[in-house]
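Reviewing the structure listed below.
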Amino acid sequence: MSFIAKPKVSHPGLPRNALGLTLRDYEGGMSTLCAGCGHDSITAALVQAAFELSIPPHRMAKLSGIGCSSKTPAYFASASHGFNSVHGRMASVATGANAANGQLHYIGVSGDGDTLSIGLGQFCHAVRRNLNMLYVLENNGVYGLTKGQFSASADVGSKAKKGEVNQQPPIDPCQLALSIGCTFVARSFSGDKDQLVPLLKAGLSHRGFAMVDVISPCVTFNDHEGSTKSYDFTRKHFHAAIYADYVPPATEIRSRQAAGSVREVTMHDGSRLLLHKVGADYDPSDRVAAFEYLSRRQSEGQVVTGLLFIDEGKPDMHEVQNLATEPLNTMGYANLNPGQKALDAIQARFR
């Protein structure tokens with residue numbers, strides 16, 4: 001995983017949490033993502049959330065698949081456990097790790113391509129099992145790592161880098177998660193740290209599967225068809241001695257809005273996003289009402305943000321499957337291998 005090591009220097013006056021740690025103790029390597037990428041804002045929010053919850057870094061496990069989003073775990077909590085799986089398979093790796101040790105804080109970071117296309121089945125079954133983890137979906141609507149094809153969350157009418165217009169309806173991860181029994185559903189915007197950090201903290205504290213869909217602008221595909229300064233035009237009309245690419249630095253998009261309001265945000269490519277933050281009178285405990293609310297706002301061209309649904313009463317995977325509460329790596333040999341007599345008793349139940 002590509003990253004640049006950060007210097008080990010910190011100001012002695014930095015605030016410390018209940019463990020005596022500073023924000024620097026929850027950071028990872030320096031990001032190699034494009035300047036202005038919304039994913040880096042999400043990384044900062046994850047660092048802030050873990051710091052404020054005083055989670056020991058060595059009690060955290062970070063997991064990801066493939067894609068720009070899946071580089072994120074390299075950029076926070078360098079002292080924690082980490083596993084970068086293959087494309088779309090993060091959820092099953094998280095399930096196995098969680099079954100072996102349910103006492104860690106599991107943070108899965110995925111993208112719209114990694115989750116809603118090749119990993120869709122994996123995602124659905126992790127939700128169905130109510131796996132105890134925070135699942136962050138960094139949603140930018142494109143396959144950024146492979147140059148900007150439409151992902152499954154791309155809106156109808158959105159344009160690709162070469163001008164192609166998307167005609168296929170998107171998959172809304174929040175409505176999907178609601179429909180298959182997810183016990184914690186939230187959505188935020190990467191530039192709204194005031195909203196995103198509390199949602200991540202709530203997700204980390206939730207007992208069960210907490211899905212946070214984060215709209216995260218992609219800065220790389222900001223050039224326009226017809227421009228004589230675009231990457232595409234330049235490649236077609238000029239001879240280059242070597243092949244190289246360059247992503248111009250951009251400014252992070254930030255947004256602040258009051259609860260219950262609608263705010264228009266202009267993205268890097270000039271498109272506009274209508275963010276609707278749920279108000280104080282919104283009831284996140286009614287699954288049917290949440291689904292109807294999301295559908296109605298979506299038909300009005302708005303993207304609803306906030307805590308959309310929560311159910312604290314549903315048992316998680318460990319409770320349903322009656323799994324051992326003690327991590328397998330701390331069990332003694334006699335518990336891990338109870339012997340022939342115990343095996344005979346188990347087999348007798350199936351005869």
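This chain uses plain numbering: 1 for the first residue, then up along the sequence.
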Worksheet entry | Pair Y135-Y106, ring pair (Phe, Tyr, Trp, His ring centres under 6.0 Å): steps then yes or no | CA-CA 8 Å; Y135 192 106; Y106 288 91; over 10 Å; no
Worksheet entry | Lys/Arg-Asp/Glu bridge criterion (N-O < 4.0 Å) met for D194, R256 | yes
Practice prompt. Apply side-chain contact (heavy atoms from CB on, under 4.5 Å) to P198 and list each qualifying residue two or more places apart in sequence or on a separate chain.
Written response: none
Worksheet item: Looking at residues at least two apart in the chain, or sitting in another chain, which of them share a side-chain contact (heavy atoms from CB on, under 4.5 Å) with T325?
Response: none
Item to complete: Could you tell me whether a side-chain N or O of T115 sits under 3.5 Å from a main-chain N or O of D112, the two making a donor and an acceptor?
Response: no
Item to complete: Could you tell me whether K62 sits above the aromatic face of F76, with NZ or CZ closer than 6.0 angstrom to the six-membered ring centre and within 45 degrees of the axis?
Response: yes
Worksheet entry | R129 and D316 ion-paired at < 4.0 Å | no
Discussion item. Please enumerate all residues that pass side chain to side chain donor-acceptor pair (under 3.5 Å) together with E319, with sequence neighbours excluded.
Written reply: R207
Fill in: Pairs satisfying salt bridge (Lys or Arg N to Asp or Glu O under 4.0 Å), at least one member in residues 281-307, at least two apart
E292-R296, R297-E300
Discussion item. Is there a side chain to side chain contact (heavy atoms under 4.5 Å, CB included) between H81 and M60? Walk through the geometry before answering.
Written reply: CA-CA 6 Å; H81 307 278; M60 298 164 62; over 6 Å; no
Discussion item. Taking the ring of F184 and the ring of F309, is the distance between their centroids below 6.0 Å?
Written reply: no
Worksheet item: In terms of side-chain heavy atoms, does T183 have a donor or acceptor partner in N130 at a distance below 3.5 Å?
Response: yes
Worksheet item: What residues join M331 in its hydrophobic cluster, counting side-chain heavy atom gaps under 4.5 Å, either direct or through other members?
Response: L328, L336
Response to the item:
Sorted by chain and residue number, the side chain to side chain donor-acceptor pair (under 3.5 Å) partners of N337 (sequence neighbours excluded) come out as Y333
Worksheet entry | is_close_aromatic(F150, Y143), centroid dist under 6.0 Å | no
